[in-house]
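This report refers to the structure that appears directly beneath it.
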2 protein chains.
Amino acid sequence: TELELELGSSTQTSHRLLAYSDALLSIIATVMILPVAHTKIHPDQKLGESVQQLLLTKIAVYLMTFLIVTVAWAAHVRLFQVIELIDDVLALLNLACMMIITFLPYTFSLMASFPGVPFGIFLFSVCAVVIGLIQAVIVVYGFYHPHLLNQQIQVSENQNFYKRHILKIILRGPVLCFLAAIFSFFFIPLSYLLLGLVIVFPHLSRFITWCKTKIVGPREEEEASYSLETFSFYLSEPLSKERVEAFSDGVYAIVATLLILDICEDNVPDPREVGEKFHGSLLEALSEYGPNYLAYFGSFVTIGLLWFVHHSLFLYVTKATRLMGLLNILSLAFIGGLPLAYQLTSEFAEKSHNEIEAIQVSCVITFFASIFQFAIWTTALLHERETLHPFARYGGKEHAFMFAKLALYPCVSLGAFFLTCLLSEFSTEIFHLMQIVIPFAFLALRIFVRISLTVIKSVMSLSRRKVV
Amino acid sequence: TELELELGSSTQTSHRLLAYSDALLSIIATVMILPVAHTKIHPDQKLGESVQQLLLTKIAVYLMTFLIVTVAWAAHVRLFQVIELIDDVLALLNLACMMIITFLPYTFSLMASFPGVPFGIFLFSVCAVVIGLIQAVIVVYGFYHPHLLNQQIQVSENQNFYKRHILKIILRGPVLCFLAAIFSFFFIPLSYLLLGLVIVFPHLSRFITWCKTKIVGPREEEEASYSLETFSFYLSEPLSKERVEAFSDGVYAIVATLLILDICEDNVPDPREVGEKFHGSLLEALSEYGPNYLAYFGSFVTIGLLWFVHHSLFLYVTKATRLMGLLNILSLAFIGGLPLAYQLTSEFAEKSHNEIEAIQVSCVITFFASIFQFAIWTTALLHERETLHPFARYGGKEHAFMFAKLALYPCVSLGAFFLTCLLSEFSTEIFHLMQIVIPFAFLALRIFVRISLTVIKSVMSLSRRKVV
C-alpha cells in the first residue's frame, strides 16, 4: 500500500472498498428472504396452500432480487478488475452506485404486489439505468486518469478499444432496461421479457459463442481474435476468487444472524402473560419455546457447516471460472432460503399438520444448497490443472477427503428426505438426529475416509491376489 | 497460501475464517438495534416519554449486546494472533464458539424483560462460560500442535509460560460469569455488578497499570518485565488493523441495509387499499411515503459518508492501538443507532409533534459517531510516529485534508442541531438540506482545503511583511 500511496496524493488501493461493496451486496441479496420468512401461516391452513401463496409473490421477489443483485455484483467485479486503484471521487461514485442497488429490492416488492401496474417496472428500470450511467462515469473517469487502470490496459496501445468494449458491456443492461421502461406504459409483458433478458444475457451470449465454436470452429482472423483474447482475460473469464469468497461469506453470515433476530423478536415472553398463565415461572414459559431453540441451533449448525464445506473447497480452488461462479450463486440462493426452513421447522410448537412438509422443505433446501457446492467441485475437476491445487486433483492426497466432505450433506439430506417419507411418524426425531450427528460426522470424517480407503485397498489387493 | 498448504495436509491459513467471524460478530453486535427501531410510537404520545421507555429496556439490550460482543471480538482477535494457522478441528470449534456468541442477544432480551428473575442472567453466564471453555480448548489444541502457533511463540523457550498466561486471560471473564451465575440465585445485583466487571475489566486493569507506572515508576525487575513485554506485544497492544477494518465494515454494511428492509416491509401499499382510497392510482399511494424515501436516502448517505471518512482515516493508520480500538467501537455503537434515527425521521409523514426531537436525536447520533472518529485521529496523532503514515502526520501533505474530512461531520451535525433549536419552524428543511449538501462538500473538499491553505499562507506572509 505504501507504493500506491506514493503514486498520487489521493490514490488508494481498492481492497477495502471492494470488501465493503461485497458486504453490502451480499446482505442486500439475502435480506429479502425475511419478508418471505415473516409471512404468517395460519395453523389451521394446510402448508401446501400457503406455500403456493408465498411462491407467487414473496419468493419471486427474493429470487429476482438475488439474481439481479448477483448480476450487478458480477458487473462490479469486472469493473474493478479493470480499474485497480481508486481515489476519493471513485469511492464516492461507488457509494452512490451502492445506494441505488440497495434500493432495488423495494422496486421488486412493488412489482410483485402490483404486477399489472407499470410504475414498479418503470422505477426498477430507471434505477438500473442510473446504476449503468454511474458505472459508465466511473469507467470514463478511470480512463481519463490511466494510472488507476489495470497494469495490462495501462501499457496497451489501443486503450480506446478497451474503453469502448467495457462501456458496451456495462451499458448493455441499462439499454435493455431503458427499453423496458418505455414499453412498461404500452405492453407490460414485453417489459418483463426484456428484464429477464438482462439476467440471462451474459450466460446466453456465452452459450451462443460456445455453440458457434462447436459448429463453425474457432474464428480464424488472427488480429481480431488476439485482441479479444487478451481482453477476455479481464472481462469474461476468471472472477476474482477473493471477491467470490467475500460475497459468499457475507451471505452465510447474514443468513446465520437473521435467525437470532427472529428469536429475539418473537420468543421473549410477555411479563404479564408469564404472571397470569405460568404463575410467574419464567422457566415454564420458556419451555414452550423449546422447539424454537432446537430449530435455531439446528439451522445455525447447517449454515455453519455448509460454510465450512465452502471454505474447505475454496482453499484448494486456485481460480474461479464463470461457470463455477454461477453454480456458487445458485448454491447461495438456496442458502438464503434456510431462514424460511427455520421458520417452518420452528412452527412445530403449534403442533400443526405441517411437520412432515416443513421437514421436507428443509431437506430439499439443504440438498440443493449442498449439491450445487458439489457441482462446483465437479466443474473444477473438469479443468483441474487450471482450477485446483495439486492436492485436490485426482490422485492428490486430499482428493478422497474433499470428495467425502462435499458428498456428506447431499447424501444425508436426501436420506433424511426419503426416511421421513417412509417413517412419517418419526420425522421430527429423524430430522433432529440428523442435525446433531452431522457435526460429529465432520469431525470424524478424516478417520472414516482413511479407514474406508484402507479397506478398499485391501479388498482390491485381495481380489488381485485371487485373480493371480 | 501454497506454503501453508504444504505444512500439513489439513493446515490452513486463518484469513477467511477470521473474515467470516468478523462478519458474524459485527452483524450480531448491530442487529439488536432492530427491536429498538421497530418499537411502535403512538402518534399522540410525546416522543420524550416513549424514548425514556425505550431507554430502559431495548436500548439497554442493544448497548449491552454491542459491548459484550465487542469484548468477545477483541478476545477472538487476541486468540487468533496467538494461533496463526488453523485446521479442520479448530475451524469447527470456532464455529461452535460463534454459535454460542450469536445466542447472547437472546439472553439479554430475557434479562431486559425480566430484570428480577435469575434465569436470564444465569443463561447468559452459562453461555459465557461455555464460550470460555471452547476458547480454552482451542488454546490447548493449538499448543498441542505447535506448528499452528505464531512464529515467535513457536520458537520461544518458555511456551508453557505463554500457554498459562493466555489461558489466564481467556478464562478471567468466564470465571467472573460463573460466580455471577451462582450469585444470580441469591443476590441478583451482585451478579449484574460481576457482569459489568467483565466488560470494564480489560480497560480497568490497563488503567491501574498505567496509574502505577505514573506513581511508582516503571518496574525494575529486568527478567520479568522482559518476558511480559514480548508477551504484551501479542496480547495487550496493537489490534490487527485488518480485523478492525473488517469488523467496522460489517457494522457499516448491516446498518446501511437494515434500512431497505424496513422500507420493503412497511412501505409497500396494500393493493386493496390502493383501489379503495386512491382510486387505483399507485403513484398517488406512493406519494404518501415520500418522506420515508427521503429519510432512507438521507440515512444511507450519512452511513456511506461516515464509512468513507473511516476508510480514508484507516488508509493512513499503520497500527491500531487499544485506545483507538475502543474509540472505534464507541463510534460504531452510535453508527448502529442510525436506523433508530431513520425510523424517527421517517415518522414525519404522520405530522406528529415530534419533528424537532426526531431531527435532534439524528443530529446527536451523527455527532457522536463522527466525533469519536475524530477522536481516533487525535489519539493517533499523539503517537504519530508509530500509528500514522508520514503523509498524515503534522506537516504531511495530507494532514490538513484529513483534518477537514474528519471535522466536517461533527461541525455540520452540531450546526444543524443548534440551527433547529433557533429556527424550529424550518427544522425539516434544514435537516434535508444538510443531507443533500454534505456529499457535494466531500467531493469539493480537496479544493476548499487547497484554497483555504493558500489564503492562510498569503495572509501569514502579508502579516509577516507588515511586521518587517
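Residue numbers start from 1 in every chain, and the chains themselves are labelled A, B, ... in the order their sequence lines are given, proteins ahead of strands. What's counted below: heavy atoms across the whole structure, side chains too, no hydrogens, waters or symmetry copies. Only a predicted model underlies this, so the values are computations on that prediction, with no experimental measurement involved.
Proximity to chain B (any heavy atom under 4.5 Å) is shown, for A/Leu25, by neither the backbone nor the side chain. Neither the backbone nor the side chain of B/Leu445 comes within contact range of chain A; no heavy atoms are under 4.5 Å apart. Of the atoms belonging to A/Tyr293, it is side-chain heavy atoms, and not backbone ones, that fall under 4.5 Å from chain B. Looking at A/Leu258, there are no atoms closer than 4.5 Å to chain B (heavy atoms on both sides), in backbone or side chain.
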Which is it for A/Leu286 and B/Leu110 under the side chain to side chain contact (heavy atoms under 4.5 Å, CB included) test, yes or no, and what are the steps along the way? CA-CA 10 Å; A/Leu286 289 180; B/Leu110 283 182; 3.8 Å; yes
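Of all the heavy atoms in A/Trp307 and B/Arg16, the pair that sits closest is NE1-NH2, 3.7 Å. Of all the heavy atoms in A/Gly304 and B/Leu95, the pair that sits closest is O-CD1, 3.3 Å. The two residues A/Tyr20 and B/Ala256 make their nearest non-hydrogen contact at OH-CB, 4.4 Å. Of all heavy-atom pairs between B/Met99 and A/Phe297, the closest is SD-CD2, 3.6 Å. In terms of heavy-atom proximity, B/Asp249 sits nearest to A/Ala19 at OD2-CB, 4.3 Å.
The NE2 atom of B/His311 lies 6.0 Å from the CG atom of A/Leu17; values are rounded to the nearest 0.5 Å. Separating the CG atom in A/Leu443 from the CG atom in B/Leu93 is a distance of 7.0 Å, to the nearest 0.5 Å. Note that CG of B/Asp88 is 9.0 Å distant from CG of A/Leu315, once rounded to the nearest 0.5 Å.
By the 6.0 Å contact criterion, CZ on A/Phe448 is open, its count of non-hydrogen atoms from other residues, nucleotides or ligands being 12 or less.
Among the candidates A/Tyr252, A/Phe314, A/Phe108, the residue making the largest number of heavy-atom pairs closer than 4.5 Å to chain B is A/Tyr252. Ranked by heavy-atom pairs under 4.5 Å with chain B, the first of A/Val301, A/Val89, A/Leu123, A/Ile28 is A/Ile28.
Every pair passing side-chain hydrogen bond (donor to acceptor under 3.5 Å, both in side chains) that includes a residue from residues 90-104 of chain B is listed here, sequence neighbours excluded: A/Tyr296-B/Thr102, B/Ser21-B/Asn94, B/His76-B/Asn94.
Using a 4.5 Å heavy-atom threshold, the side chains of B/Leu92 and A/Leu305 count as touching.
Partners of A/Phe119 by ring-ring contact (aromatic ring centres under 6.0 Å, His included), not counting sequence neighbours: none found.
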